[in-house]
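The block underneath contains the structure these notes are about, expressed in structure tokens.
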Amino acid sequence: MEIVFLVVYFLMLLAIGAWVSRISTRDREGYLLGGRSLGPAVTALRLQSTSMSGYMFLGAGGLGYSQGYFSMWYALGDLGGGVLNLSVLGRRMRKLSHLLGSITSIGYLEHRYPSAWTRAVAAPIALFCMFFYVLAQLLAGGQGLSMVTGLDLNVSLIIAVGVIVGYTLMGGYLAVAYTDFAQAIILVIGMLWILIATLQHVGGLTAGHEGIGAINQNLLTMWGAEGQYFGQWGIILGALLVFSIGYMGWPHVNVSHMSMRRPSVARRAGLYATGFNLLFIPGAYLVGMMALLIVPNLDDPEMAIFSVAETVLPSFAVGLVMAAIMAAIMSTADALLLQAGTIASQDLWGRFVQKNMSERSAVAVSRLTILILAVIGLVLAMTRPPGVFDVVVFATSVLGAAFVPAYVCAVWWKRANSAGAISSMVAGTVGAVAAEMLGSADGLGVDAMVVGILSSTVTIVVVSLATASVDPVPERVLRAVEETAKVGAVPARFVLGEDASLATQRPQQEGRERG
């Protein structure tokens, strides 16, 4: 029964990709941004399902299983991450990217901070982090599929990667958006079902707490299984930041803002995102904790939710929950692969190697890059790298540390200049990677995310102010940023354009497109 559910689910995703490929791959903007046509529901659920990843069913469950209520620090940050991102960046980034004619999230940074070095620095950092993030999703997908079907892990990896790459290659961004929307609905249904069944199995939340307390009272506190995080506010702050403000530095998530039908979509999208988070996020950590009572002594804590599902659910429901687990994994993997392909083809090859690529060539290069990255990721996933939790937290911490100040200052601080942004991205990356490698959490009690975000934030402010006279923000960019702050029409004279295909996005009359 589980296999039947998964087969139907995979076929549905491929069918969406085939359907969308007819309308979304005619030019770069259609393939990479879905023609800037998405409404609030698809925008919100695409953003959230992309952000959730396989981490929620493996890393989150494993953390709840091993550390109890300490895991809720991550959940608390995650609950507000979507609405915070849409509120701070959503409307303004959609408008500014329109004014500057940007069709990629990294190209947008270069247009706001005009320098070839902006893209030359940002693109490799993003590709580096996204590759590790993709690796975690592929590993999670293979583990989940293997557990459900009984197939060898390597065979499961090949199947999971094949389906993801299939519909991503066919339909581009629009296929990713619509499949992510469908997968978000499956995620909520699956998580609520397994949470309710879990609580019924242990006799309710209170009885579950009593059982966990009998094992280890520390698990009912927010300080870790051994109380080791008591007063460790540097680590706790990192747990709160990585999935709250960290979202604002993820290029594969921020592209959601650029693809909105109009800037005002962000307001309603924030409501949808909050509703999704409240229904979905706490459940993963709670099920992980209750797994201590249902499937004690697991060899791999990251298998907690998988094992609980097979224990407490009827076979037909297990199929749905397993589809939800695969949905969490695949909705992030497809977005990462598409954005990585975009960065490689548009922001590196098309920017520095072959500057006059045709529309067809640009899409072809993007597809080839996606295929190559997927194959490399598949090979590495077969070598059994570290756990999903560790890989995801590392990759997302570096992404957030490198890009949050650059994206936020792009729309909120006119004085942020190219030198400041470039220096900030380098400082954030070096700070986060160095802190992770040197073990700042253990040695100093400060999470790598905190070190990185402080480094990049201080750097963009100090360097922008220090170089204001030698590297001024161009007048045309200043005018665009000022216009972005206004809630209202986009004057046609402001739309600069990156290529001719964006002419379709320009208002036919001044005041036609509402803010």
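- Tyr229 meets the side chain to side chain donor-acceptor pair (under 3.5 Å) test with no other residue; sequence neighbours excluded.
- Two residues are said to be in side-chain contact when any heavy atoms from C-beta on lie closer than 4.5 Å; Leu286 and Tyr69 meet this criterion.
- Shortest non-hydrogen contact noted between Gly82 and Leu47 is CA-CD2, 4.1 Å.
- Screening residues 422-437 for side chain to side chain donor-acceptor pair (under 3.5 Å) gives no qualifying pairs among residues at least two apart or on separate chains.
- Of the possible polar contacts, one joining the Arg94 side chain to the Met260 backbone as a donor-acceptor pair under 3.5 Å is found.
- Rounding to the nearest 0.5 Å gives a distance of 8.5 Å between CD1 of Ile422 and CH2 of Trp117.
- For the atom pair CG of Leu100 and CD of Glu110, the computed distance is 11.0 Å after rounding to the nearest 0.5 Å.
- Applying the side-chain contact (heavy atoms from CB on, under 4.5 Å) criterion to Val404, with sequence neighbours excluded, gives Met248, Val408, Ile453.
- Note that the CZ atom of Phe128 and the CG atom of Leu399 stand 10.0 Å from one another [nearest 0.5 Å].
- Under the rule for a side-chain contact (heavy atoms from CB on, under 4.5 Å), the partners of Val426 that lie at least two apart in sequence or sit in another chain are Val121, Val430.
- Contact between Thr459 and Ala427 at its shortest, heavy atoms only, is OG1-CB, 3.4 Å.
- The side-chain contact (heavy atoms from CB on, under 4.5 Å) search around Asn254 returns Asn85, Leu89, Met93, His257, Tyr407, not counting sequence neighbours.
- Side-chain N or O atoms of Tyr113 include one that pairs as donor or acceptor with a backbone N or O of Ala406 at under 3.5 Å.
- Once rounded to the nearest 0.5 Å, the distance linking OG of Ser66 with CG of Leu298 reads 11.0 Å.
- For the atom pair CE (Met289) and CD1 (Ile294), the distance works out to 12.0 Å, reported to the nearest 0.5 Å.
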Task: Candidate pair Phe403 and Ile125, rule side-chain contact (heavy atoms from CB on, under 4.5 Å), full reasoning - done: CA-CA 9 Å; Phe403 292 115; Ile125 293 172; 4.0 Å; yes
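- Considering only heavy atoms from C-beta on, Leu79 comes within 4.5 Å of Pro282 through its side chain.
- Not one N or O on the side chain of Ser102 forms a donor-acceptor pair closer than 3.5 Å with the backbone of Thr104.
- Summarising the geometry of Ala432 relative to Ala448, their closest heavy-atom pair is O-CB, 3.7 Å, with the distance given to 0.1 Å.
- Met425 CE to Ser455 OG: the interatomic distance, rounded to the nearest 0.5 Å, is 15.0 Å.
- Between the side chain of Ser456 and the backbone N or O of Ala401 there is at least one donor-acceptor pair closer than 3.5 Å.
- Counting only heavy atoms from C-beta outward, the side chains of Leu187 and Phe276 approach each other to under 4.5 Å.
- Looking only at distances, no side-chain donor or acceptor of Asp447 sits under 3.5 Å from a matching main-chain atom of Ile235.
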- [ ] Determine, step by step, whether Ile376 and Phe131 satisfy the side-chain contact (heavy atoms from CB on, under 4.5 Å) criterion, reporting the C-alpha distance in whole Å, the side-chain angles of both residues, the deciding distance to 0.1 Å, and the verdict.
- [x] CA-CA 9 Å; Ile376 296 173; Phe131 179 74; 3.5 Å; yes
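- Every residue meeting the side chain to side chain donor-acceptor pair (under 3.5 Å) condition with Gln228, not counting sequence neighbours, appears here in chain and number order: Gln67.
- The two atoms that bring Pro251 and Met130 nearest to each other are CB-CE, 3.5 Å, heavy atoms only.
- Shown here are the ring pair (Phe, Tyr, Trp, His ring centres under 6.0 Å) partners of Tyr272, two or more places apart in sequence or in another chain: there are none.
- You'll find the side chain of Thr311 stays beyond 4.5 Å of the side chain of Val308, heavy atoms only.
- Remark: Ile158 engages Leu378, Met382 in a side-chain contact (heavy atoms from CB on, under 4.5 Å) (not counting sequence neighbours).
- Across all non-hydrogen atoms, the minimal contact from Val83 to Ala273 is N-CB, 4.4 Å.
- Here the side chain of Ser256 pairs a donor or acceptor atom with the backbone of Val253 at under 3.5 angstrom.
- Here the closest heavy-atom approach between residue Ile106 and residue Ala122 is recorded as CG2-CB, 4.0 Å.
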